[in-house]
Amino acid sequence: MTAPTSLHDLPAAERDLLDRIAGLAEGFAAEAGGFDERAEIAVGNLDVLHEAGLDAAVLPAHLGGTGLSYQAFGEAVRILAAADPSTATIVTMHSGAAVGLAELTRERQGGFFADELLAGKRFANALSEPTSGNRFLNPQQEARRAEGGWLLDGTKRFVSGSEIADYLLVNALVDGEPTFFAVIPDETVTIIPIWDTLGLRATRSQLLSFSDTLLREEYRGRSPRPGDFAAVPAGLPAISLGIADAALASLVDHARGRAILGKPLSHQQWIQHEVADAQSRLEAVHAFFQRTLAEADAGRPEFFSNLSRAKYLANKIAVDVAQLGVRVGGASGYLKQSPIQRHLRNAQAGQLMAYSTEVLATEIGKEVLGVVETPENEEVA
Ligand SMILES: Cc1cc2nc3c(=O)[nH]c(=O)nc-3n(C[C@H](O)[C@H](O)[C@H](O)COP(=O)(O)OP(=O)(O)OC[C@H]3O[C@@H](n4cnc5c(N)ncnc54)[C@H](O)[C@@H]3O)c2cc1C
């Protein structure tokens, strides 16, 4: 069977799920400002998404789920991000950690983590470290051998949804090699409450401290490999695209609703030109993203490097649209009560999440230019 190349061609079950998510998202959008203001995780959103079948759908069929296509997953995250990007971010990280743990520990744990996901348990990705920065797959913290596994003494930072997580996907160096583990948070794992941010406030992406936490031998996972469902790389561009959609919708509302000297702002030519440019570029990035997800569904290997391009473009267009919103919104869009300022704050966060636009630009640029680093020509600080 060939993979669908358009959202209209998705199987009926996936289209039904997307319809259910779109229905729920209307309610999420109405509450998103309040959760952002309070920096509070919208736990109820996550519960109803589980009940709507999202977790079962995200789990691949060979792990006991129904196996959502990349295209449907990307669309689900985009719909959620347009309504409440913090919910979309937690869903992306939770899906990545849960499916990752189910996949990576299958040999040792069988279907345990898959069953826990299906039962509604929550997962979080505790990968980023202070010294690894954006290179979250290159942990710098070495775990030391102990009875039953290895001990981790260190920190993981910006762990979205960590306060409600039943399980953490953690990486550390074991004998010099990056190694993945499942960790059930116990008294050795404490939350350092740093999360008071400009944007994506309701993700509560806290700093976690591990004080000689046992990384259990039986919870050690294999390394990720091609063919594993890449929820986080597929979700990150969709988060920024959803934020861009929301920013554009707020801009249009404002331009149509506000009259200056008897005419709506939308009649001003500079706004028409800027909106034409922003909306056309947003459509183009969306089309590229969808094409990339169709490549992923078809199992074409180029999808991975194109997901980097999609994230790079989506992060940038979200900031561009949100900045235009602030210009069109004027001082009224700058008020806390306006969604326009919230979209700008949220759009900025997309660029920071790994890999950042700077890191991606380096990767893409090197690929285009055919630059191969060797120890001799590597730049040194
Ligand atoms: C909202 C949000 C949610 C997150 N959720 C999670 C999560 O659930 N789990 C998790 O593990 N992590 C999460 N992160 C962490 C994130 O993915 C990054 O790993 C982390 O933000 C990187 O650290 P830093 O922002 O301090 O940036 P740094 O990596 O210190 O970067 C600072 C600057 O240096 C640049 N830079 C960094 N490295 C390079 C390089 N190699 N080459 C060129 N430039 C470079 C960056 O682009 C940036 O401009 C989240 C972050 C945010 C903002």
Side-chain angles (χ1 to χ4, degrees), residues 35-36 39 41 46 77 81 84-101 122-141 152 154-165 167-172 178 180-181 183 185 189 191-192 194-210 224 231-233 235-240 242-243 308 311-312 315-316 318-319 342-367 371 373 378-381:
F35 282 107
D36 174 79
I41 296 177
L46 305 171
V77 174
D84 178 351
S86 288
T87 292
T89 302
I90 293 181
V91 163
T92 299
M93 297 301 176
H94 158 79
S95 303
V99 175
L101 274 180
R122 311 277 344 148
F123 294 73
N125 268 316
L127 302 175
S128 299
E129 295 178 359
T131 49
S132 68
N134 250 264
R135 296 289 179 185
F136 63 96
L137 291 178
N138 293 56
Q140 305 293 300
Q141 296 169 157
L152 176 62
T155 54
K156 293 285 183 178
R157 58 187 194 154
F158 310 135
V159 183
S160 299
S162 47
E163 291 155 316
I164 56 164
Y167 301 107
L168 302 171
L169 173 62
V170 173
N171 58 358
F180 289 88
F181 292 89
V183 169
V189 182
I191 292 165
I192 302 169
I194 55 163
W195 196 254
D196 185 5
T197 45
L198 208 59
L200 293 188
R201 292 171 54 76
T203 61
R204 295 191 65 79
S205 307
Q206 302 285 24
L207 178 67
L208 298 187
S209 166
F210 295 79
V232 175
L236 290 176
I239 293 170
S240 284
I243 293 170
S308 295
K311 180 179 185 293
Y312 174 83
N315 293 163
K316 282 176 124 41
V319 172
R342 175 161 47 91
H343 301 320
L344 181 69
R345 292 188 282 105
N346 289 334
Q348 293 290 351
Q351 307 199 107
L352 306 178
M353 279 189 273
Y355 297 122
S356 67
T357 40
E358 292 78 16
V359 172
L360 291 175
T362 305
E363 257 178 31
I364 298 165
K366 276 184 185 164
E367 191 189 312
V371 175
E373 300 281 12
E378 222 164 2
E379 282 179 34
V380 286

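Residue numbers count from 1 along this sequence. Note that ligands are numbered from 1 as they come in the structure, with each ligand's atoms numbered from 1 the same way.
Geometric assessment of Arg135 against the ring of Tyr355 yields a positive cation-pi assignment under the 6.0 Å and 45° thresholds.
For atom 42 (N) of ligand 1, the nearest non-hydrogen atom of the protein is Val359 CG2, 3.9 Å. If you check which protein heavy atom lies closest to atom 46 (C) of ligand 1, you get Ser356 OG, 3.5 Å. Nearest non-hydrogen protein atom to atom 48 (C) of ligand 1 is Glu358 OE1, 4.1 Å. For atom 28 (P) of ligand 1, the closest heavy atom belonging to the protein is Asn134 ND2, 3.9 Å. Atom 7 (C) of ligand 1 has its closest protein heavy atom at Phe158 O, 2.9 Å. Of all protein heavy atoms, the one closest to atom 11 (O) of ligand 1 is Ser128 N, 2.9 Å. Atom 16 (C) of ligand 1 has Ala354 N, 3.6 Å as its closest protein atom, hydrogens excluded (heavy atom only). Considering only non-hydrogen protein atoms, atom 53 (C) of ligand 1 sits nearest to Met353 CG, 4.0 Å.
Between the side chains of Asn125 and Lys156, no donor N or O sits under 3.5 Å from an acceptor N or O. Under the 3.5 Å distance criterion, with hydrogens and angles disregarded, no donor-acceptor pair is assigned to the side chains of Ser132 and Asn138.
Checked by distance only, ligand 1 and Leu127 come closer than 3.5 Å through their nitrogen or oxygen atoms. In terms of N/O distances under 3.5 Å, ligand 1 is approached by Arg157.
Heavy atoms of Ser205 come nearer than 4.0 angstrom to ligand 1 in at least one pair.
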One pair to check against side-chain contact (heavy atoms from CB on, under 4.5 Å): Gln348 and Leu198. What are the steps and the verdict? CA-CA 9 Å; Gln348 293 290 351; Leu198 208 59; 5.6 Å; no
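Residue nearest to atom 5 (N) of ligand 1, selected from Pro130, Pro85, Ser160: Ser160 (by heavy-atom distance).
A 6.0 Å sphere centred on OH of Tyr312 holds no more than 12 heavy atoms belonging to other residues, nucleotides or ligands.
Side chains of Leu200 and Ser86 form a contact here, defined as non-hydrogen atoms less than 4.5 Å apart. With a 4.5 Å cut-off on side-chain heavy atoms, Pro178 and Leu137 do not count as touching.
Within a 4.0 Å radius of atom 34 (O) of ligand 1, the protein contributes no heavy atom.
A salt bridge is absent between Arg157 and Glu129: the closest approach of a Lys/Arg side-chain nitrogen to an acidic carboxylate oxygen does not fall below 4.0 angstrom.
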